[in-house]
Amino acid sequence: MTDQMIAPVRPETVDIDAAIGILKERFPDAVKDDTREGYGGVIVERGQLVEIATVMRDELGFDYLSSATAVDYLGIEDSMEMVYHAYRTTGGSPLVFKAQTPRENSSVPSLIDIWPGVDFQEREAYDLYGIAFPGHPNQKRILMWEGFNGHPMRKDWKEAYYEEEHKPFDSRWPKGMVRRAEELNVYGKNVEYPADFDLSRLSDDTESSLYAGMGLGVNVEALDNTDELKTDRLVVNLGPHHPSTHGVFRMVVTLNGETIETLEPVMGYLHRNHEQIGERNAWLYNMAFTDRLDYICSMSNNLGYALAVEQLMSRGMRYTPPTYRAEVIRVLMVELTRIVNHLWAIGFLLNDLGAFFTPALYAIAEREKILDFFEATAGSRLMCNYMRFGGVFKDLPERIHSTASLLNDKVRDFDTMQYITELITEALPRAVDELDRFLTDSEIVKTRTIGVGYLPAETAIAYSAAGPLLRGSGVAYDVRRAEPYSIYPELDFDVAVRYNGDIYDRYLIRIDEMRESLRILKQILPRLEHTKGESFFAGNKAVYMPRVALGEAYGRVENPKGELGYYVVSQGDPKGPQNPWRYHVRAPSFINLTALGQMCKGQKVADVVAILGSIDIVLGETDR
Amino acid sequence: MSSLDLRQLHDTEFPIPDEMQGNLAITSLSKVYNWSRRSSVWPMLFGLACCAIEMIATAAARYDTARFGMEVMRASPRQSDLMIVSGTVTKKMVVPIVRLYNQMPEPKYVLAMGACASGGGPFKEGYNVVSGIDQYVPVDVYVPGCPPTPQALINGLIALQKKIDGQSLANMDDVPWYGVGPSDPVPIPILGPDIIDPRQMGLIRQQAMAAAAGQPYGLRELPTVPMKIVSKTASAAGMVEVDAISVVDEAAEADRKARRQDAVARKRAFLAKS
């Protein structure tokens, strides 16, 4: 990671096709159009990748690298490729470029000097695909542990209990012989040990590689030459079991006194193989899994995935876009989810600041009423699994059972429209105002947060930060405006932005965004009334097993935590059962953490927890 | 009343003093002991995944576990009685979980919350997912659901209270923490090429030796469809015949049994003497 940040020069903006034209002109041998069916963007010669990326950033203005991921084309092209999506922070569509590498001894030059935000994403590709990144200063596993055998996302790597490539498995459908995976193997495990496996290695400390290069201990030679007092560096592990880390996240910090010198995030404690399971599932099955990514905002995760797959479907035949009512309901759900998330985030930020649980209890009280609405509509409080390709799976219910004003009130029967109108126009604004009144001018909150965890705008862009983290640093970048989707173009709202880039501004951003969400919701209400009774689904029948065209798609939405992107590749037989060839989630929590080390450097150890709380991560999404 | 021998309370002929007639309720010691234990179960403040959100919601204002004396969530395992395993247990995370479990003082209980903690759940087929926490630590209550609603979790907590109610001080198997010495810790898994349970070390050694000798090891052949259930007695061909658990643990198991018998004998002797 570089210490000095590069401030990109804002060049004259040209559109994507013109930008590709300029690139092809500059590098005639190294840049080629991606002509495969259903693919877009350019394929870049990996030898010149760094050079070309520099031109993209400095001359063409693609200063924000949203996503970098790997795809294994075993059996199709027998190569692997890295796929990058670069954007301009002024808005617009992505410049997609790819670098191909053979499967054996695969390597792609690291882009960490151009966009430091690829740091964790390249480590993830190394971990799961085994692609080496020459030039990466810290290339080691990130989700699995050091010493794990193999790179699990490669198409020829099979996990324990492996059954088949596609779901539904023959053993379960249509024969219906459902059985426990343990029965496949008498030992309950299906572990293959490498031939050179040495048992004595087991006693090794798997942590030692983690601490390497963290500058521990006192340099004895330097001590002899000076009269200065030297202090020992102290390593403190925060997590994975720690009450303030918002899940099983771990930070290893090196302290000089109470000041932080280095901080290294350690993750993977909740790596539950979302992407590999997703590549075995049929397209629809993944909808339920996206709920469990960012488990506080399941509705918005659904929307991102639906948009990505709808992009693929729209290239095939017989595709009808979602109806207007479907879009209205989607936006209603997504904006309510944003309020749920921000209430939660603010409550637990205060928890991290030491106001133990009282603010959190107040903040999440109104959340229960929104969850009642979700439960009445989708059937589940948390894991809604509500959206489908081409709409939503169910219309709003006629009536709702919930409490009237206070949570300890009696459960009553309400008309749905009356209930959500009351929620949007009275209960939620009251809750937001209450938080604002108690916290914004609080002496203690201000002292603990103003000027702490500073992240300048250029650094935030360079580190691919997204969501409140980016907008709190003064970059007014919101996917709902930058690359609008659904019915956002016709809605009137402002992109909340604050300029100081500290914890306090990230808190204020969340208050602002809740107010903007309420503003959107107030515009949604008449649209709901107006479209009542219309179809909530494209066509007249639910698309449960879509037939999608070959190719790739990248669907992204502005999630409460930042830009959530889904990169999906379809290689299936258009007539047979289909599942994603590649299913990648660009998780905002994961990539926002890249900036954590930078933000914590030089701060006190007590502030680390607050800084982490201000990023607002969720581990289901970070580790996937 | 300092001279009162509590054991006399079991004697129905025990004369109750006049001034205490009508003010004194007589019950068994176990009942009082269990009532106080079950009314102050302190869970560990420890969330793993999605279920943790519902666990927080259960503890919060609307559902309020304070009604059961369970609102005091302790961040340290040394102060907690109950570990709510709220979410997917990954191979990387099971190591800290077992360590935390070992650090909890007796009496300790484990509640597996949700499908993942109970048996792997929707992520069961994942290469980094443990098929249920009960493969490593003993579980007292399973709560189904993905995630369980707060009502379901409360039902699980009530089930735990019933379990505590049913434990008797007179039965050594119910209250092993009054036995001799500390209880046996669960061996901490090791992260090697895959996760390694030290209790299966004998099997792994055999596999490694077989691999070094170039023989087939493990079972990699995929079953044909429709599958036959392979039982432990009729194992498939080409596999190394080892009894996984018994190789290492025989000595430890015998030792544990001997200590247990010793403790029971001593308690019986004490009861008989008094």
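FYI, side chains are in, hydrogens and waters are out, and symmetry mates aren't considered; it's all heavy atoms of this structure. Order of the sequence lines fixes the chain letters, A, B, ..., with proteins taken first and strands second; residue numbering starts at 1 for each chain.
Salt-bridge formation is not detected for the pair B:K92/A:D623: no Lys NZ or Arg NE/NH1/NH2 atom is positioned less than 4.0 Å from an Asp or Glu carboxylate oxygen.
Between B:V89 and A:Y269 the shortest side-chain heavy-atom distance does not fall below 4.5 Å. A 4.5 Å side-chain heavy-atom check between A:R250 and B:P96 finds every atom pair outside the cut-off. Considering only heavy atoms from C-beta on, B:E125 comes within 4.5 Å of A:R280 through its side chain. Using a 4.5 Å heavy-atom cutoff, the side chains of A:I277 and B:F123 are in contact. Looking only at side-chain heavy atoms (C-beta outward), A:F357 and B:M73 stay at 4.5 Å or farther from each other.
Annotation: the span from A:H241 atom NE2 to B:L100 atom CG amounts to 5.0 Å, rounded to 0.5 Å. The line from CG of A:L371 to CD of B:E54 is 7.0 Å long, rounded to the nearest 0.5 Å. Considering CZ of A:R381 and CD1 of B:I53, their distance stands at 11.0 Å, rounded to 0.5 Å. Rounding to the nearest 0.5 Å gives a distance of 10.5 Å between CZ of A:R367 and CZ of B:R62. Separation of atoms CD1 (B:I56) and CD1 (A:I364) is listed at 7.0 Å; rounding is to 0.5 Å. With rounding to the nearest 0.5 Å, the separation of CH2 in A:W145 from CG in B:L191 is 5.0 Å.
For chain B, the nearby part of A:F348 is the side chain; its heavy atoms alone come within less than 4.5 Å. Heavy-atom distances place both the backbone and the side chain of A:L270 under 4.5 Å from chain B. The parts of B:P122 that come within reach of chain A are both its backbone and its side chain, each placing non-hydrogen atoms under 4.5 angstrom from that chain. Contacts between A:R272 and chain B at a heavy-atom distance below 4.5 Å involve backbone atoms as well as side-chain atoms. Using a 4.5 Å cut-off between heavy atoms, B:M44 touches chain A through its side chain atoms alone. Residue A:I296 touches chain B through its side chain alone, counting heavy-atom pairs closer than 4.5 Å. Within the 4.5 angstrom heavy-atom criterion, atoms from both the backbone and the side chain of B:L48 approach chain A.
Taking a 6.0 Å sphere around OH of A:Y362, one finds it holds 12 or fewer heavy atoms contributed by other residues, nucleotides or ligands. Environment of CZ in B:R67: crowded, with over 12 heavy atoms of neighbouring residues, nucleotides or ligands closer than 6.0 Å.
The aromatic rings of A:F148 and B:Y127 are tilted relative to each other, their planes meeting at an angle between 30° and 60°.
The most heavy-atom pairs under 4.5 Å with chain B, out of A:G268, A:G150, A:A360, come from A:G268. Options B:P147, B:G47, B:A52, B:C50 differ in how many heavy-atom pairs under 4.5 Å they form with chain A, and the most are formed by B:C50. Contact count against chain B (heavy-atom pairs under 4.5 Å) is highest for A:R292 among A:Q276, A:M383, A:E375, A:R292.
Annotation for A:N273 and B:N128: closest pair OD1-N, 3.0 Å, computed over non-hydrogen atoms.
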